[in-house]
Amino acid sequence: MSRYNVKETEAKWQGVWERQGCFTATEDASRPKYYVLEMFPYPSGRIHMGHVRNYTIGDVIARFKRANGFNVLHPMGWDAFGLPAENAALEKKVHPAKWTRENIETMRGQLKTMGLSIDWSREIATCDVEYYRHEQKMFLDFLKAGLAYRKESWVNWDPVDNTVLANEQVIDGRGWRTGALVEKRKLSQWFLKITDCAEELLDGLGTLDRWPERVRIMQENWIGKSTGVRFRFALKGREDKLEVFTTRPDTLFGASFAAISANHPLAAELAANNPDLAEFIAECNRLGTSEEAIETAEKRGFDTGLRVVHPFDPSWELPVYVANFVLMEYGTGAIFGCPAHDQRDLDFARKYGLPVTPVVVPADADPASFAVGDEAYTGPGVLRNSRFLDGLDVESGKQEVGRRLEEAGQGERTTQYRLRDWGVSRQRYWGCPIPVIHCPDHGPVPVPESDLPVVLPEDVTFDKPGNPLDHHPTWKHTSCPVCGKPALRETDTFDTFIESSWYFARFCSPKSNDVAFDRAAVDYWLAVDQYIGGIEHAVLHLLYSRFWTRALKRCGYLNVEEPFAGLFTQGMVNHETYKDAATGAWLAPTDLTKNDRGEVVRADTGAPVNVGRVEKMSKSKKNVVDPAHIIGTYGADAARLFMLSDSPPERDLEWTEAGIDGAWRYINRLWRMITEAPVPLPAPGSPKPERLSERAEATRRAVHKAIAGMSEDLDKFRFNKAVARVRELSNALAEIDGKGEGEAWILREGFESVVRLIGPMMPHLGEELWAQLGHGTLLADQPWPEADPSLVVEDTVTIAVQVNGKLRATLAMPRDAAKEVAESMALADDNVQRALEGKPVRKVIVVPNRIVNVVA
RNA sequence: GCGGGCGUGGCGGAAUUGGCAGACGCAAGGGACUUAAAAUCCCUCGCCCAUGGCAUGCGGGUUCGAACCCCGCCGCCCGCACCA
């Protein structure tokens, strides 16, 4: 029995593909293009199973499209700036640049063992100055176009490390490394006007018909468009006004209080001589800033003692609270509360004993008795207790209040977005320097284009807290481009979401030096036809890229609006978790073995182990499996096959030893089946013999059905079904001993089809078997097989026969038989007659080629 | 809290989108080969009072017919603005 030598075979074909430049892409107007892109990896050190899944899916699509005649672009690069490199610098005393570049080396090597059809000549790393220099130019262009501006904004400040913390670095209000209480600080930072595009970004979602619905919904919610009214309350005893925003102006006569955010300027002013209020505000700030924390916290408020006057009744006053559920970032940071028709307001009113007056009554309720208990009424209805609004519906009420406030000059109808401008300044070292110089006389001045790039210096140290760029002895000292006087460089760097907002376009002309993009190249390749990545990027990365692309278009860089025409979000790779039963310590899968009784125990001590739930692979839970080890043992094809089998690609996948074993067994089974064919096969390209045995004829139909089915499965990314189908076909072919008429020929057709069908999924095995079948060509260059339509449909179909909806018989009959024939055959059946028990037939439903239902 | 998703054998999942529930695989059990094991091959495999009955998280409904559509529950998962 010959054995498939994975290591040798996989290395051999990877070498052949590379030497022949199989996957090098060039623009070719004569062929339809197809741009496949997986989200590029952060070079964290080693590839993980999530990468394997992501790149396997992308590679299947790329190879499948290639075989279907498309000119495919399938590039790879590195999202190389970011926080982990700086953490490594602190923890391991390695320079971020060195750490990053070494990681890229390792990971490139690992990716290459996967046998991906990538055009490696287009590789880019975002930390290279040849890359980020263009980003600096783009930023200057955005400044000119009025898309970038500066404003003050809050950051998390670690007073021990003297550094800004990301939200994820703040744990229970303390810095993750120092444990120091985190302070809120205001810094002047750069912002991009993504809100300028809010409407466009929202509308654009409607054109993205090859995006998952849920990603579009998430983006829609993120943009958070709402229409309403902005108006100003007069403040009793003060000159200034309190501006509020509401989406429910119709409920204005149900108002019982006004509330402002703890970060509202008015709150700060009042707190200055009210220590209790100051303490309440401090408490609100400790709550955290996430929407989830705010929404789920108990609604609390502090009566400021101030009163506002109802806009339509000078004698009606409402108390003003500082409330923990009002966000400064949304609207005006102030609201009016109508408890009867808003749950948050209702919770608040119940707590502080404020009136609850229903002003919207459902059409079918009695206005006299309608009351609100613990649940606010937010549905449609008729306005009551609302003076001039009485009798109107909700929508008319909104318009009427808006109109009257506008007439009185007290407010205006507006559209509000939840989307906020994109803060892009980071007080970090390992990122793209922001090309700005701060002059004492001229303020922030853009670096002249002729002085670009502003190179990130690599001779920095990490020995003291704070930003190394700030400590560098010379780098930040320069002169003002306007007046020439000594000035300081901006030491902030860009958010790393910027690099990933345009890398897909850079892949079109990765080597162009003078310009970010060669116009002909981006015009040819963009948009990305199929983008593949994790759902975790559903909002930020994908929304920023959509915005950045629009901004680039405004500045004349390219001519597309939507960067990603198709999007696929894959599920995570999970694994069982294990804990030592005695100590509770997490154990890695490699620490375990099975004892004689089949129980999972520690491999070293034999001590019992608790098997926990299946969870996302993570270092902290030790339930990671190293792809390098798997590929080293079973080969890339087995790992790829496993990634595609069983679980639908958008769903989470559980990695199991048994699963990879199963994939490995199938590879060897295929290998043996084809290399040890039961009879000698006719030469490649031999014509079909005149006569085929019945079994050969049936097998031939199975082959063509598999081709047709699999083409559709791959087209719709149903890889698990595609795998099932090709296994089914292999099972059918394994039944053929080749002795009957034409069977040797059908074996060749079947084997060649199987090999071509597995090509995108298991390219190395595919190439090897293709060669074994006597071909001197590369499978990678072969067109996708075509199914003969006449062989895809069976001429005999099996029809289910039901009596009163219950299955009583199955009948074989010719395809597309007349309804009457099906009906009479069904009624003639013994089982059907028995089930009828002599009852008269009332009705017979016939669905051609499918089912007959006899109703008695 | 808001928004979204999921729930089918011991397990991952199929089911032509309203028409034979359980394809394909994993695990398990039995057998063959072997001195033995591994590998491989063959058979069985939703449950039960088996010519039948019950089964797609639970309870209703629509329909000739429901895993699929509608209403109401239950459970789990994900996102909610400086990780990438």
Side-chain angles (χ1 to χ4, degrees), chain A residues 1 3 39-42 44 79 81-84 87 153 155-156 164-170 189 212-215 217-218 220-222 224 289-297 299 325 329 343-344 347 418-420 422-428 495-497 500 533-541 543 572 613-614 645-648 650-654 656-659 661-663 665-666 668-669 672 709 712 718 720-728 731 734 798-810 830-831 834 842-845 847 849-856:
Chain A
M1 194 171 357
R3 218 177 129 76
M39 290 180 183
F40 67 162
Y42 179 79
S44 55
D79 189 12
F81 274 139
L83 205 47
N87 294 337
S153 138
V155 295
N156 301 309
V164 174
L165 299 177
N167 280 344
E168 69 151 17
Q169 295 173 316
V170 181
Q189 307 194 64
E213 176 76 16
R214 62 172 177 149
V215 174
I217 290 170
M218 278 190 202
E220 197 180 313
N221 292 339
W222 192 265
T289 53
S290 77
E291 203 168 304
E292 183 200 2
I294 288 163
E295 293 272 335
T296 49
K299 306 290 172 278
F325 62 93
E329 290 78 16
Q343 193 59 46
R344 288 169 306 186
D347 295 344
R418 182 175 162 276
L419 182 69
R420 304 204 291 264
W422 177 12
V424 294
S425 296
R426 296 290 181 273
Q427 296 68 36
R428 304 253 158 72
D495 178 5
T496 57
F497 271 120
S500 53
I535 185 73
E536 64 272 22
H537 294 289
V539 177
L540 294 185
H541 161 57
L543 191 66
M572 294 185 299
R613 44 186 291 172
V614 175
S645 307
D646 296 345
S647 292
E650 68 279 3
R651 229 185 276 183
D652 286 357
L653 171 140
E654 188 193 346
T656 60
E657 191 76 15
D661 278 338
R665 273 200 301 273
Y666 177 64
N668 284 286
R669 205 156 74 84
R672 283 193 308 271
E712 203 190 325
R718 293 192 290 222
N720 55 324
K721 284 180 70 182
V723 171
R725 223 183 272 274
V726 80
R727 291 185 95 125
E728 217 169 5
N731 291 345
T798 309
I799 286 194
V801 183
Q802 299 180 337
V803 176
N804 292 329
K806 290 201 172 170
L807 182 72
R808 296 298 173 189
T810 56
D830 287 350
N831 288 319
R834 196 176 316 129
R842 285 194 291 145
K843 197 167 157 191
V844 180
I845 288 128
V847 181
N849 301 326
R850 211 126 294 161
I851 205 164
V852 177
N853 191 9
V854 182
V855 185

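It should be emphasised that the depicted structure is a prediction, and the values quoted were computed from it without experimental measurement. Computed from heavy atoms alone, side chains included, the values below leave out hydrogens, waters and symmetry copies. We name chains A, B, ... by the order of the sequence lines, and we start the count at 1 in each one.
- A:Pro41 comes within 4.0 angstrom of no nucleic acid atom, judged by non-hydrogen atoms across all strands.
- A distance of about 30 Å separates the P atoms of B:G53 and B:A14, rounded to the whole Å.
- Straight-line distance between the C1' atoms of B:A66 and B:G19: roughly 10 Å, to the nearest whole Å.
- Comparing the same atom, P, in B:G10 and in B:A23 gives a spacing of 14 Å after rounding to whole Å.
- Atom CH2 of A:Trp222 is separated from atom P of B:G79 by 12 Å (rounded to the nearest Å).
- If you check every strand for non-hydrogen atoms under 4.0 Å, A:Leu419 touches a base.
- With rounding to whole Å, A:Asp652 atom CG is found 9 Å from B:C78 atom C1'.
- In the set B:G12, B:A84, B:C20, B:A84 carries the atom at the smallest distance from any side-chain atom of A:Tyr42.
- In this model, the phosphate group of B:C54 is approached by a side-chain N or O of A:Lys806 to a distance below 4.0 Å at OP1 or OP2.
- Residue A:Leu807 has its side chain nearest to B:C20 when only B:C26, B:C20, B:U51 are considered.
- Counting only Watson-Crick and G-U wobble pairs whose two key distances fall under 3.5 Å, RNA chain B forms stems of three or more stacked pairs at B:1-7 with B:74-80, B:10-12 with B:24-26, B:28-32 with B:40-44, B:46-48 with B:52-54, B:57-61 with B:69-73.
- The side chain of A:Arg834 contributes no N or O atom lying less than 4.0 Å from OP1 or OP2 of B:U51.
- Nucleic acid contact for A:Phe497: base, since at least one base atom lies under 4.0 Å from a heavy atom of the residue.
- When distances are taken from the side chain of A:Leu540 to each of B:G3, B:G25, B:A84, the shortest belongs to B:A84.
- Minimum interatomic distance between A:Arg418 and A:Asn221 (heavy atoms only, all atoms of both residues): NH1-O, 3.5 Å.
- At the heavy-atom level, A:Arg665 lies under 4.0 Å from the strands shown only through sugar-phosphate atoms.
- Side chains of A:Gln427 and A:Gln189 form a contact here, defined as non-hydrogen atoms less than 4.5 Å apart.
- Side-chain proximity of A:His537 to the nucleotides B:C82, B:A81, B:A84 is greatest for B:A84.
- Nucleic acid contact for A:Gln189: base, since at least one base atom lies under 4.0 Å from a heavy atom of the residue.
- Here A:Trp422 lies out of heavy-atom contact (under 4.0 Å) with every strand.
- As rounded to the nearest Å, B:G13 and B:G61 have P atoms that lie 32 Å from one another.
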Look for any protein N or O under 3.5 Å of an N or O in nucleotides 62-65 of chain B and output each such pair with its distance, or none.
| residue | atom | partner | partner atom | Å |
| --- | --- | --- | --- | --- |
| B:C64 | O2' | A:Asn853 | ND2 | 3.2 |
| B:C64 | O2 | A:Asn853 | ND2 | 2.5 |

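- When side chains are defined from C-beta on, A:Ile535 counts as touching A:Arg214, because their heavy atoms get closer than 4.5 Å.
- Using a 4.0 Å heavy-atom criterion, one finds that A:Arg669 contacts the sugar-phosphate atoms exclusively.
- For the OP1/OP2 pair of B:U16 and a distance below 4.0 Å, the side-chain nitrogens and oxygens of A:Lys721 include no atom meeting the criterion.
- Within the 4.0 angstrom heavy-atom criterion, no nucleotide atom of any strand lies near A:Ser645.
- Below the 3.5 angstrom threshold, one finds no donor paired with an acceptor across the side chain of A:Arg672 and the base of B:U40.
- More than 90° away from 0 lies the glycosidic angle of B:A27, which makes this nucleotide anti.
- In this entry the distance linking CG of A:Asp661 with C1' of B:U40 reads 15 Å, nearest Å.
- Between A:Asn731 and B:G25, a side-chain N or O to OP1/OP2 separation shorter than 4.0 Å is present.
- Contact check, A:Asn668 against B:A39: no side-chain N or O comes under 4.0 Å of OP1 or OP2.
- Nucleotides B:G72 and B:U62, compared at atom C1', are 15 Å apart to the nearest Å.
- Side chain of A:Asn720 to main chain of A:Ser647: no donor-acceptor pair is present (N/O by atom type, distance under 3.5 Å, no hydrogens or angles).
- The distance from atom CD of A:Glu650 to atom C1' of B:C6 is 11 Å, rounded to the nearest whole Å.
- The side chain of A:Thr496 places an N or O atom within less than 4.0 Å of a non-bridging phosphate oxygen (OP1 or OP2) of B:A84.
- Protein atom CZ of A:Arg725 is 10 Å distant from nucleotide atom C1' of B:A14, rounded to whole Å.
- With rounding to whole Å, A:Asn720 atom CG is found 5 Å from B:A14 atom P.
- Across all strands, A:Glu536 comes closer than 4.0 Å to base atoms (heavy-atom distances).
- Taking atom CD of residue A:Glu712 and atom C1' of nucleotide B:U17, one finds them 12 Å apart after rounding to whole Å.
- Within the 4.0 angstrom heavy-atom criterion, base atoms lie near A:Arg426.
- Closest approach to the A:Leu83 side chain among B:G12, B:C83, B:C82 is made by B:C83 (side chain taken as heavy atoms from C-beta onward).
- Defined by atom type and a distance below 3.5 Å, a donor-acceptor pair is present between the side-chain atoms of A:Asn831 and A:Arg834.
- Here B:G25 is the nucleotide among B:G19, B:A84, B:G25 with the atom lying nearest to any side-chain atom of A:Asp646.
- Contacts of A:Arg727 with the nucleic acid, taken as non-hydrogen atoms under 4.0 Å apart, involve only primed sugar atoms and P, OP1 or OP2.
- A 4.5 Å side-chain heavy-atom check between A:Phe497 and A:Val424 finds every atom pair outside the cut-off.
- Rounded to whole Å, the separation between the P atoms of B:U51 and B:U35 comes to 46 Å.
- Straight-line distance between the C1' atoms of B:C70 and B:A81: roughly 37 Å, to the nearest whole Å.
- Side-chain atoms of A:Asp347 and A:Phe325, non-hydrogen and from C-beta on, never get closer than 4.5 Å to each other.
- Counting only N and O atoms by type, the side chains of A:Asn731 and A:Arg669 include a donor and acceptor under 3.5 Å apart.
- The shortest distance between the side-chain N/O atoms of A:Arg808 and the OP1/OP2 oxygens of B:C20 is not below 4.0 Å.
- Comparing B:G18 with B:C6, their P atoms are spaced 15 Å from each other, to the whole Å.
- Between the CE atom of A:Met572 and the P atom of B:C78 there is a distance of 7 Å, rounded to whole Å.
- The listed nucleotides are B:G3, B:G7, B:A23; the one nearest the side chain of A:Arg651 is B:G7.
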